[in-house]
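Input: a single structure, listed below in structure tokens.
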Amino acid sequence: KAGVTQTPRYLIKTRGQQVTLSCSPISGHRSVSWYQQTPGQGLQFLFEYFSETQRNKGNFPGRFSGRQFSNSRSEMNVSTLELGDSALYLCASSLERGGSYEQYFGPGTRLTVT
Amino acid sequence: GNSVTQMEGPVTLSEEAFLTINCTYTATGYPSLFWYVQYPGEGLQLLLKATKADDKGSNKGFEATYRKETTSFHLEKGSVQVSDSAVYFCALSDLVGGSNYKLTFGKGTLLTVNP
């Protein structure tokens with residue numbers, strides 16, 4: 001079974017631009033979560049989608065948004081990029097079952113904002 | 001709210017040394033507990049898990065026991081290898097709003113194993 005895939009793997013953008021990142025979950029997984037990872041703040045939860053609905057949301061500004069499609073693929077968008085948005089963005093999918101909510105992560109998208 | 005506290009790193013060991021990375025948690029319900037590992041330049045991989053008190057998760061020589069009385073889930077390995085060098089994350093999952101689950105991660109512990 002294929003793992004979680006994320007595209008692109010690397011991105012370089014300029015301040016003020018916007019960016020869209022894509023995530024394809026493991027087949028059959030309906031929950032997709034997004035995380036931002038930086039050396040200073042560590043792993044921070046952005047949001048989670050389940051069956052095309054945002055179910056949980058972290059403490060990030062409205063410039064960060066996401067969506068999920070009917071095939072469970074998800075995208076996240078960051079508008080008006082700031083230097084501090086430079087980070088590794090990780091996507092994870094989950095097959096919720098019996099209270100054990102284990103997540104499977106993709107390799108991440110490394111975003112650099114200049 | 002839920003929280004996970006890991007021992008501060010970095011941790012540096014010699015090959016074949018014993019490893020312990022401490023993890024304690026705060027949760028209102030009965031969470032499942034996890035250890036994830038992140039190798040340089042990669043995403044997180046699930047290392048092991050435990051879903052109820054006194055469960056022991058194990059994988060690749062690593063072990064952790066779910067201790068409800070001390071709210072802990074310490075990671076141990078009897079003999080580390082250079083290839084174990086990575087960042088280790090402790091995490092818990094718990095119900096949110098009674099209907100869905102959310103993962104909470106610790107800040108991570110960098111382990112370096114020298115030959």
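Order of the sequence lines fixes the chain letters, A, B, ..., with proteins taken first and strands second; residue numbering starts at 1 for each chain.
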Hey, are the side chains of B:Lys107 and A:Gln41 touching, using non-hydrogen atoms and a 4.5 Å cut-off? no

Heavy-atom count check: over 12 atoms from other residues, nucleotides or ligands less than 6.0 Å from A:Arg63 CZ? yes

Is the count of non-hydrogen atoms from other residues, nucleotides or ligands lying under 6.0 Å from A:Ile12 atom CD1 greater than 12? no

Same hydrophobic cluster for B:Tyr25 and B:Trp35, using side-chain heavy-atom links shorter than 4.5 Å among ILVMFWY? yes

Has B:Gln81 got more than 12 heavy atoms of other residues, nucleotides or ligands less than 6.0 Å from its CD? yes

If hydrophobic clusters are built by linking Ile, Leu, Val, Met, Phe, Trp and Tyr wherever their side-chain heavy atoms come under 4.5 Å apart, do B:Val87 and B:Val11 end up in the same one? no

Quick check: is A:Val32 connected to A:Val19 through a chain of hydrophobic side chains (ILVMFWY, heavy atoms under 4.5 Å apart)? yes

Considering heavy atoms only, which positions within residues 103-114 of chain A lie below 4.5 Å of chain B? A:Gln103, A:Tyr104, A:Phe105, A:Gly106, A:Pro107

Atom pair CD/CG of A:Glu102 and B:Leu48 - distance to nearest 0.5 Å: 11.0 Å

Residues in salt bridge (Lys or Arg N to Asp or Glu O under 4.0 Å) with B:Lys52, at least two apart? B:Asp55

So, using side-chain hydrogen bond (donor to acceptor under 3.5 Å, both in side chains) as the criterion, who are the partners of B:Gln45 when residues are at least two apart? B:Glu42

Ring centroid separation for A:Tyr35 and B:Phe105, is it under 6.0 angstrom? yes

Segment of B:Leu44 engaging chain A (4.5 angstrom heavy-atom cut-off): both

B:Met7-B:Phe34 co-clustered via ILVMFWY side chain contacts under 4.5 Å: no

Using the rule that two of Ile, Leu, Val, Met, Phe, Trp, Tyr join whenever any of their side-chain heavy atoms come within less than 4.5 Å, decide whether B:Phe73 and B:Tyr88 are in one cluster. yes

For A:Gln37, is it the side chain, the backbone, both, or neither that has a heavy atom closer than 4.5 Å to a heavy atom of chain B? side chain

Look at atom CD of B:Glu8 and say whether more than 12 heavy atoms of other residues, nucleotides or ligands are closer to it than 6.0 Å. no

Proximal to chain B - members of residues 69-90 of chain A, heavy-atom separation under 4.5 Å: A:Leu88, A:Leu90

